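Reviewing the structure listed below.
Here the structure is a predicted model, which is why all the values come from computation and not from measurement. Numbered from 1 within each chain, the chains take letters A, B, ... in sequence-line order.
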Amino acid sequence: MSDDYKPEELLVGVITRLLAGVRHVAVGMLSPIPGSASLLARELSGGEMRVSVLGSRKMNPWTDGGVELFDFAAQGRLDAFFLSGGQIDGQANVNLVGIGDYPQTKVRWSGSFGSAYLYFLVPRVILFRDEHTRRVFVPKVDFISAPGTSNEGVYRPGGPYALVTNLCLFGFDKERRRFRLESVHPGHTVEEVLDHTGFEIDVPEQVPTTEAPSAEWLTLMRGPIAQQIAEPYPKFAARVFGIAEAAA
Amino acid sequence: MSDDYKPEELLVGVITRLLAGVRHVAVGMLSPIPGSASLLARELSGGEMRVSVLGSRKMNPWTDGGVELFDFAAQGRLDAFFLSGGQIDGQANVNLVGIGDYPQTKVRWSGSFGSAYLYFLVPRVILFRDEHTRRVFVPKVDFISAPGTSNEGVYRPGGPYALVTNLCLFGFDKERRRFRLESVHPGHTVEEVLDHTGFEIDVPEQVPTTEAPSAEWLTLMRGPIAQQIAEPYPKFAARVFGIAEAAA
Amino acid sequence: MSGTGIVADVEALAALVPDGTRLGVPKDTTGVAMALTRALVRRGVKNLHVVALPQSGIQSDILIGAGCVDTVETAAVTLSEHGLAPCFIRAVKTGAIKLKDSTCPAIYAGMQAGVKGQPFVPIRGLIGSDLVAHRADEYRVIDNPLQPGDPLVIVPAIRPDIAVFHAAMADRDGNVYVGAERDCFTLAHAAMRCLVTVEEIVDDNLLADRLRRPATIPSIYIEAVAEARQGAWPLALGGSYGPDNDHLALYAKMAGSPEGFVEYVERFVMERAAAAE
Amino acid sequence: MSGTGIVADVEALAALVPDGTRLGVPKDTTGVAMALTRALVRRGVKNLHVVALPQSGIQSDILIGAGCVDTVETAAVTLSEHGLAPCFIRAVKTGAIKLKDSTCPAIYAGMQAGVKGQPFVPIRGLIGSDLVAHRADEYRVIDNPLQPGDPLVIVPAIRPDIAVFHAAMADRDGNVYVGAERDCFTLAHAAMRCLVTVEEIVDDNLLADRLRRPATIPSIYIEAVAEARQGAWPLALGGSYGPDNDHLALYAKMAGSPEGFVEYVERFVMERAAAAE
């Protein structure tokens, strides 16, 4: 364990652990932290894990159009994916559309992208949002882009596996349809998490501190992973891992 | 009109007339006579008509796999196609499977290919069979690969438009669900047609003789059309139009 | 249709797009016909129903801002790393456009059903999403006829009136080479009509080119083609050029206010003569 | 799956095909893995369920004649210009194989539904065909939920256990270039596993080759590849070589009698050592 790491490096470490044993993980657009974690997980798997990164030229195996990733997921070939949300509620419902009454919402975001599909079909959907506030983590989302849970009988091999924020790591209990606090990141507290979370969660008596990335992992992040992630995300690689943008 | 033509050239002429006004005609495998007629029709259209010939390298626009022709037809983009049958009955039902009780038929042919689809979707399906016998033209087919007619309510922009044989040309009356004798080829008679047809047909009082190909059409057939059809069908072009196989 | 027409320029293509067209467009990285989009604004097209495969960016944002759009059918409108799409956001808030919010795979599946001439397609997922609740007339939940007790969403086939995109090259017969951008096949096949801009019109037949043929859309789907150098600018054309990120950032900034957008259109849309496109 | 394996030869590939496999194969002109087919006969595979996209020829005929096949699911089995498929015809008459007769577009649509992970697909046509009557457990007529009074046939998704085909080249990562043979994409994507023979294994990465990438199936779908020169012989490989019509005529003649077929297998299948393939 090292004390000298950036918050992004901690999050990369957290997500990397969530990807253990995955055969194929896909990373969506604008996701440098999940992307770095996926590449680190691949490195740790000895190259066995497949990683595809949307927006990357080199880490993009698809040759059958934009539909291919979705078809691949629906066939059960994709084990892990990342989603975020403008709002996320306690049942893991995700809102990517807006705040207020649809359609004339008073706040509008881009749209639902592939969430309403992949959330059902990918076994480990990792929710990631680095703004842990009551504005984001609401009691009930204003618009369900993708529901966190489904009634019995609905074909749903996939769903929420964890929620990673800048404060903590949640697991999701599908039976109870609730998040459970798994660990709090170094420097933060359970109270802080509760203060900034707008929905009810399960809190065990002992909440561990999130494990910091090991020196070995940090070396990998700042070495080969930084080089790889610099291709789709040169600015991120420069800012977090300190490699020159030109290196991409 | 010319007296000096081969039976195949007569049939090419008959089919060419059936293709007047077509935007796109597709020709299936092993169909040199329909292929030649389609190419002649294109020539006469000043190149406006599109012709695709399965099995041809040059006259094959498809680049999205074998499904593309079927999708193209289902969208209503294909105006004419050719079908044949091991058996054809008086309601224009087509049998490409076999004779006897399915599945263990005592005679078995290759199979139904795309008939059960294209027969519904292509407005002018031209049935072509150059063996006019009661063995082929039966009262009722043993297996319906593709039905000649459908009940009301069934989506069916397409269907049988004509039946061309070595003896005559039939039209098809969709309301009455019966073939109607349109013309008898030179050298043959109505009685001969009736003798060799196993189903009931409508016979008008006056049955014209099938128009022979004009000298102009024969010149085109033996010139540019022979050259074009020699690419997919070198043996046919050599035998019928007398051009050297090497010319392909 | 009597063969594909090679037309003079994007203004000539834009003249072929009637008001009220359901216009199929690709996502930003696939080859967006931006020069043609500017020509559409110049021609003052109205009441477009934009259907994006499966999402859109600056193209839709400009058309919306310029008042050309009635309805947007999409999984998202976004300037991606340059932020939210400002004109889209404003139009949503004022109710100036009708929304048909969807999700990428539903638009893909719907358009593929359109390609196949089938009336609808059953797909997984979506059940319980408000996307379905708000489009209940189109997205129906049915019981799987092959396995009762298995609910499924069905999506109606999508056949745009006209698809428009930008590609690397076309030949004089109107065959269009799209390289790795397979979504262009889906758009061209699904749409009733297809208008294409290309970087370059080449003399050799692309279907006769063994290496290019597999990535060439045959002319039977293409109504007209116009040459438009840098026709995807400021977006990228895969294999040819990248996005002009400075310009996209400038757009995001200027379009952030209605006045700024008007100035953008004046400078970068209206004053760009057809010759310059 | 831990990356695609490059295996030594077609015998090694054949060893990966269990008895009872539902085997997806392409039509004659698409790149049929004939060398692998001979290896399957040598290995003595049993009870194959062959599903052809959408029809088959000498490949299925040999497998049927050699007793490797339990079920044939196809729009046709034919030697095309060389006539009917003799072993297939005999097996039908004796009831030695189960038949799942279909029509080309239903097999395409079913396999495309398999690619998309959807349970079925509605298609036009077919209503009133005995193909539907004899497969009533699979091909159902339903009422269009979006437009009552519009009957439609639904076809279940097809996902073969293993797809096998022959292609021009693969790289060392297992990416496979199929050129214009788009049906190979459908087979590879639809199948649970995919085994491929190629004319040549090349050193350069095919996905990095701008011209070949659009026609390359990425290795994520490919379990194993073996080099097999002339691996489609006596059939054609598009862009590489044509069919050996003399040999196909010889096959048609010899396979015309059971004894002749036995002799054919002896001469052209069993005695062809793996090295020769």
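Taken from OH in B:Tyr119 to OG1 in D:Thr103, the straight-line distance is 13.5 Å, to the nearest 0.5 Å. Rounding to the nearest 0.5 angstrom, the gap separating the CZ atom in B:Arg108 from the NZ atom in D:Lys93 is 11.0 Å. Interatomic distance, B:Met29 CE to D:Thr29 OG1, rounded to the nearest 0.5 Å: 7.0 Å. To the nearest 0.5 angstrom, D:Thr78 atom OG1 is 7.0 Å from B:Leu30 atom CG. Atom CD1 of D:Ile123 sits about 5.5 Å away from atom OH of B:Tyr117, to the nearest 0.5 Å. Note that the CG atom of B:Asp64 and the CG atom of D:Asp183 stand 9.0 Å from one another [nearest 0.5 Å].
For D:Arg210, the CZ atom is loosely surrounded, since the number of other residues' heavy atoms within 6.0 Å does not exceed 12. Counted within 6.0 Å of CG on B:Asp101, heavy atoms from surrounding residues, nucleotides or ligands total 12 or fewer; the atom is thus considered open. Around the CZ atom of B:Arg135, the shell of radius 6.0 Å holds no more than 12 heavy atoms that belong to other residues, nucleotides or ligands. In D:Lys253, the NZ atom is not crowded: 12 or fewer heavy atoms of neighbouring residues, nucleotides or ligands sit closer than 6.0 Å. Counting heavy atoms of neighbouring residues, nucleotides and ligands inside a 6.0 Å radius, atom CD of B:Glu200 does not exceed 12 of them.
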Got a list of side-chain donor-acceptor pairs under 3.5 Å for residues 79-86 of chain D, not counting sequence neighbours?
from    : atom 1 : to       : atom 2 : distance (Å)
D:His82 : NE2    : D:Asn245 : OD1    : 2.8

Result block: side-chain N/O donor-acceptor pairs under 3.5 angstrom for residues 64-72 of chain D, not counting sequence neighbours:
from    : atom 1 : to      : atom 2 : distance (Å)
D:Asp70 : OD1    : D:Lys98 : NZ     : 3.2
D:Asp70 : OD2    : D:Lys98 : NZ     : 3.2

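Contacts of residues 126-133 of chain D with chain B at a heavy-atom distance below 4.5 Å involve D:Leu126, D:Ile127, D:Gly128, D:Ser129, D:Asp130, D:Leu131, listed in sequence order.
Contact record, D:Gln55 with B:Phe113: OE1-CD2, 3.3 Å, taken as the closest heavy-atom pair. For D:Pro151 against B:Gly153, the heavy-atom pair with the smallest separation is CD-O, 3.3 Å. Scanning all heavy atoms of the two residues, the minimum distance from D:Phe88 to B:Ser110 falls at CE2-O, 3.9 Å.
Residue D:Thr74 does not touch chain B at all, counting heavy-atom pairs closer than 4.5 Å. Proximity to chain D (any heavy atom under 4.5 Å) is restricted, for B:Ser145, to the backbone atoms N, CA, C and O. In this structure, no portion of D:Phe185 lies under 4.5 Å from any heavy atom of chain B. Heavy-atom distances place no part of D:Glu181 under 4.5 Å from chain B, backbone and side chain included. For B:Ser115, the part sitting under 4.5 Å from any heavy atom of chain D is the backbone (N, CA, C, O) and nothing else.
The greatest number of non-hydrogen atom pairs below 4.5 Å with chain B, out of D:Asn144, D:Asp101, D:Leu152, is found for D:Asp101. Most heavy-atom pairs under 4.5 Å with chain B: of the set D:Val92, D:Leu99, D:Leu53, this distinction falls to D:Val92. Contact count versus chain D (heavy atoms, under 4.5 Å) is highest, among B:Ser150, B:Pro103, B:Gly111, B:Ala146, for B:Gly111. By number of non-hydrogen pairs under 4.5 angstrom with chain D, the leading residue of B:Gly114, B:Gly65, B:Gly66 is B:Gly66.
Within the structure, every pair that satisfies the ring-ring contact (aromatic ring centres under 6.0 Å, His included) test and touches residues 93-143 of chain D, not counting sequence neighbours, is listed here: B:Tyr102-D:His134, B:Phe143-D:His134.
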